[in-house]
Visitor: 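Attaching a single structure in structure tokens format; questions to follow.
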Amino acid sequence: MGDIRVRLATFNVLHGRRIQPDGRPAPDRPGDAATPLAEAVAALDADVVALQELDRLQERSGSVDQAAVAADAMGARDWRYATALHCRSVPGRGWVRDPAEPGMRVYGPEAQQPQVPSHGLALLSRLPVRAWRALRLPPAPLALPLRVAGRAVPVLARDQPRAALAAVLEGPQGPFTVVAVHLSFVPGWNIGQLLTVRRWIADLPQPQVLMGDFNLIGALPRLALDVTGRRGWRGSARQATFPSHRPLVQFDHILATGLGADAVGTAHAPRTAISDHRPLVVELSL
């Protein structure tokens with residue numbers, strides 16, 4: 001492989017709120033809603049960034065377009081944001097859906113966009129983008145106890161629709177594919193989503209890099225991909241990413257196929273001022 005490495009990062013940002021040392025959300029600072037997210041993303045200094053649990057036009061996060069804020073902070077040439085839900089976050093009620101917007105929308109840097117609050121994920125790139133692709137993943141049909149930042153005990157949570165974004169990028173050594181995902185927290189259902197995404201990108205150029213919050217620990221996502229597909233998927237880093245104040249498990253992954261072992265460079269999971277996850281940052285020869 002060549003010596004030129006591309007730095008990639010995945011980060012579940014938990015709607016960009018500051019986190020206290022014990023892991024609880026910090027009180028909001030008036031007029032400072034976008035700054036913590038922008039600073040955290042800029043500090044990663046990554047060429048390609050996948051972000052999960054992003055807000056768009058939500059009152060709780062200053063009614064800003066967080067994908068646009070993050071793209072500007074890192075100097076992304078191009079980006080896309082895909083909605084998982086069109087909704088409003090209401091204290092004490094959680095997500096209140098917008099019945100007029102039942103499906104997925106994909107937003108980019110264009111000036112004119114519908115002003116509808118939503119929640120979703122984004123893929124941001126400093127490298128030129130040849131093509132974009134988006135996929136909606138349906139939710140699991142059951143609720144499970146889920147540990148939430150700032151809560152002493154798990155809460156019963158219903159799964160929500162998910163989104164995946166794929167981009168064919170122009171790298172230093174030619175085209176490659178990057179996919180951003182945020183998979184379900186429901187065991188088994190998330191593996192099914194992972195395999196659906198693998199089939200969905202089968203016709204896109206290799207190397208392929210799959211990154212995001214998989215809600216799967218350790219080697220599970222790589223094993224699931226290899227056992228069912230035998231395509232040589234490789235985990236690029238073993239780094240605990242959750243919870244951010246005392247990482248114990250790795251939910252956040254950057255997997256690759258079509259690359260050799262010598263393509264993987266440095267990897268780290270730095271602590272930031274936001275989120276209950278730590279970002280995962282990896283350098284790959286691409």
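When a residue number appears, it is its place in the shown sequence, counting from 1.
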Visitor: Apply salt bridge (charged side-chain N to carboxylate O under 4.0 Å, His left out) to Asp213 and list each qualifying residue two or more places apart in sequence or on a separate chain.
Guide: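 Residues passing salt bridge (charged side-chain N to carboxylate O under 4.0 Å, His left out) with Asp213: none at all.
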
Visitor: Starting from Ile254, can I reach Leu44 by hopping between I/L/V/M/F/W/Y residues whose side chains sit under 4.5 Å apart?
Guide: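 No; tracing contacts between hydrophobic side chains, which count when under 4.5 Å, never links both residues.
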
Visitor: Under 4.5 Å between side-chain heavy atoms, chaining through other members, with only Ile, Leu, Val, Met, Phe, Trp and Tyr counted: pull out the rest of the cluster around Val64, sorted by chain and number.
Guide: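 Members besides Val64, by chain and number: Val69.
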
Visitor: Among the clusters formed by ILVMFWY side chains lying less than 4.5 Å apart, do Leu280 and Val178 turn up in the same one?
Guide: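 Hydrophobic grouping puts Leu280 with Val178.
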
Visitor: If you measure only the distance, is there a donor-acceptor pair under 3.5 Å linking the side chains of Asp252 and Thr10?
Guide: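 Distance-only check fails for Asp252 and Thr10.
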
Visitor: Side chains of Thr83 and Tyr107: do they bring a donor and an acceptor to under 3.5 Å?
Guide: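 No pair is found: no donor N or O on one side chain lies under 3.5 Å from an acceptor on the other.
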
Visitor: What's the shortest heavy-atom distance between Ala163 and Met104, and which atoms?
Guide: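 Closest pair (atom of Ala163, atom of Met104, distance): CB-SD, 4.0 Å.
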
Visitor: How far apart are the closest heavy atoms of Ala263 and Arg5, and which atoms are they?
Guide: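 It is O-NH1, 2.8 Å.
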
Visitor: Identify whether the distance between the nearest side-chain nitrogen and carboxylate oxygen of Arg130 and Glu170 falls below 4.0 Å.
Guide: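 Salt bridge flag = yes for Glu170 with Arg130.
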
Visitor: Going by atom types alone, do Gln66 and Asp55 pair a side-chain donor with an acceptor below 3.5 Å?
Guide: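 There is no such pair (donor and acceptor under 3.5 Å, judged by atom type) between the side chains of Gln66 and Asp55.
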
Visitor: Salt bridge (Lys or Arg N to Asp or Glu O under 4.0 Å) between Asp65 and Arg56: does it pass, once the steps are laid out?
Guide: CA-CA 5 Å; Asp65 183 341; Arg56 184 174 188 271; 3.5 Å; yes

Visitor: Working note: Arg126 + Asp45, criterion salt bridge (Lys or Arg N to Asp or Glu O under 4.0 Å); need CA distance, chi angles, decisive distance, verdict.
Guide: CA-CA 10 Å; Arg126 292 173 177 170; Asp45 192 24; 3.0 Å; yes

Visitor: Measure the shortest side-chain to side-chain distance between Leu85 and Ser118 over non-hydrogen atoms and say whether it is less than 4.5 angstrom.
Guide: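 Counting from C-beta outward, Leu85 and Ser118 never come under 4.5 Å.
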
Visitor: Does any part of the side chain of Ile191, heavy atoms only, come nearer than 4.5 Å to the side chain of Leu216, both counted from C-beta?
Guide: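 Yes, close enough: below the 4.5 Å cut-off.
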
Visitor: Verify the distance criterion only: is there a donor paired with an acceptor across the side chains of Arg60 and Ser89 at less than 3.5 Å?
Guide: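 Indeed, the side chains of Arg60 and Ser89 share at least one donor-acceptor pair under 3.5 Å.
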
Visitor: Under a single-linkage definition using a 4.5 Å side-chain heavy-atom cutoff for Ile, Leu, Val, Met, Phe, Trp and Tyr, are Leu137 and Leu204 assigned to the same hydrophobic cluster?
Guide: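 In one cluster: yes.
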
Visitor: If you define the side chain from C-beta out and look only at heavy atoms, does anything of Leu259 sit under 4.5 Å from Leu286?
Guide: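 Leu259 vs Leu286: side chains touch.
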
Visitor: Hey, are the side chains of Asp159 and Leu142 touching, using non-hydrogen atoms and a 4.5 Å cut-off?
Guide: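 Counting from C-beta outward, Asp159 and Leu142 never come under 4.5 Å.
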
Visitor: Are Arg77 and Pro128 packed together at the side-chain level, in the sense that at least one heavy-atom pair is separated by less than 4.5 angstrom?
Guide: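 In short, these two side chains touch, coming nearer than 4.5 Å.
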
Visitor: Which residue is it: Leu123, Val181, Val179? I am looking for the one with a side-chain contact (heavy atoms from CB on, under 4.5 Å) to Met211.
Guide: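 Answer after filtering Leu123, Val181, Val179: Leu123.
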
Visitor: Restricting to ring pair (Phe, Tyr, Trp, His ring centres under 6.0 Å), what partner residues turn up for His182, sequence neighbours left out?
Guide: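 With sequence neighbours excluded, His182 shows a ring pair (Phe, Tyr, Trp, His ring centres under 6.0 Å) to no residue whatsoever.
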
Visitor: Under a 3.5 Å threshold, yes or no: a donor from one side chain and an acceptor from the other, between Gln160 and Arg97?
Guide: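 Yes.
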
Visitor: Write out all pairs satisfying ring pair (Phe, Tyr, Trp, His ring centres under 6.0 Å) with one or both partners inside residues 50-79, taking only residues at least two apart or from two chains.
Guide: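 Counting only pairs at least two positions apart or across chains, no ring pair (Phe, Tyr, Trp, His ring centres under 6.0 Å) contact touches residues 50-79.
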
Visitor: Does the side chain of Ser275 pick up a donor-acceptor pair with the side chain of Glu53 at under 3.5 Å?
Guide: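 On atom types as modelled, these side chains do not qualify, holding no pair under 3.5 Å.
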
Visitor: With side-chain contact (heavy atoms from CB on, under 4.5 Å) as the criterion, how do Leu210 and Trp233 come out once you've worked through the C-alpha distance, each side chain's angles and the decisive distance to 0.1 Å?
Guide: CA-CA 9 Å; Leu210 184 57; Trp233 286 89; 3.9 Å; yes

Visitor: Take Arg278 and Ser244 through the side-chain hydrogen bond (donor to acceptor under 3.5 Å, both in side chains) test and state the conclusion after the steps.
Guide: CA-CA 5 Å; Arg278 291 194 181 193; Ser244 59; 5.8 Å; no

Visitor: So do Ser236 and Leu284 actually touch side chain to side chain, heavy atoms under 4.5 Å?
Guide: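 The answer is yes; the side chains approach within 4.5 Å.
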
Visitor: Are the side chains of Ile274 and Leu37 in touch, meaning some heavy atoms are under 4.5 Å apart?
Guide: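 Sidechains of Leu37 and Ile274: in contact.
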
Visitor: Going by side chain to side chain donor-acceptor pair (under 3.5 Å), Thr196 matches just one of Arg199, Arg198, Gln193. Which one?
Guide: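 Looking at Arg199, Arg198, Gln193, the match for Thr196 under the side chain to side chain donor-acceptor pair (under 3.5 Å) is Arg199.
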
Visitor: Hydrophobic clustering (ILVMFWY, side-chain heavy atoms < 4.5 Å, transitive) - are Leu183 and Val249 grouped together?
Guide: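 Yes, Val249 and Leu183 fall within the same hydrophobic cluster.
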
Visitor: Could you state whether Val197 and Leu255 fall into the same hydrophobic cluster, counting links through intermediate Ile, Leu, Val, Met, Phe, Trp or Tyr residues with side-chain heavy atoms under 4.5 angstrom apart?
Guide: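 Yes, one cluster joins them.
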
Visitor: If the condition is ring pair (Phe, Tyr, Trp, His ring centres under 6.0 Å), which residues does Phe251 pass it with, not counting sequence neighbours?
Guide: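 Checked Phe251 against ring pair (Phe, Tyr, Trp, His ring centres under 6.0 Å); matches are Phe242.
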
Visitor: I'd like to know if the side chain of Gln52 and the backbone of Gly212 have a donor-acceptor N/O pair within less than 3.5 Å.
Guide: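 Not confirmed, Gln52 side chain does not pair with Gly212 backbone.
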
Visitor: With sequence neighbours excluded, give me every side-chain hydrogen bond (donor to acceptor under 3.5 Å, both in side chains) pair touching residues 131-142.
Guide: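 Of all non-adjacent pairs touching residues 131-142, those that pass side-chain hydrogen bond (donor to acceptor under 3.5 Å, both in side chains) are Asp78-Trp132, Arg133-Asp203.
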
Visitor: Decide yes or no for Pro141 and Trp189: does some side-chain heavy atom of the first lie under 4.5 Å from some side-chain heavy atom of the second?
Guide: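 Pro141 reaches Trp189 side chain to side chain.
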
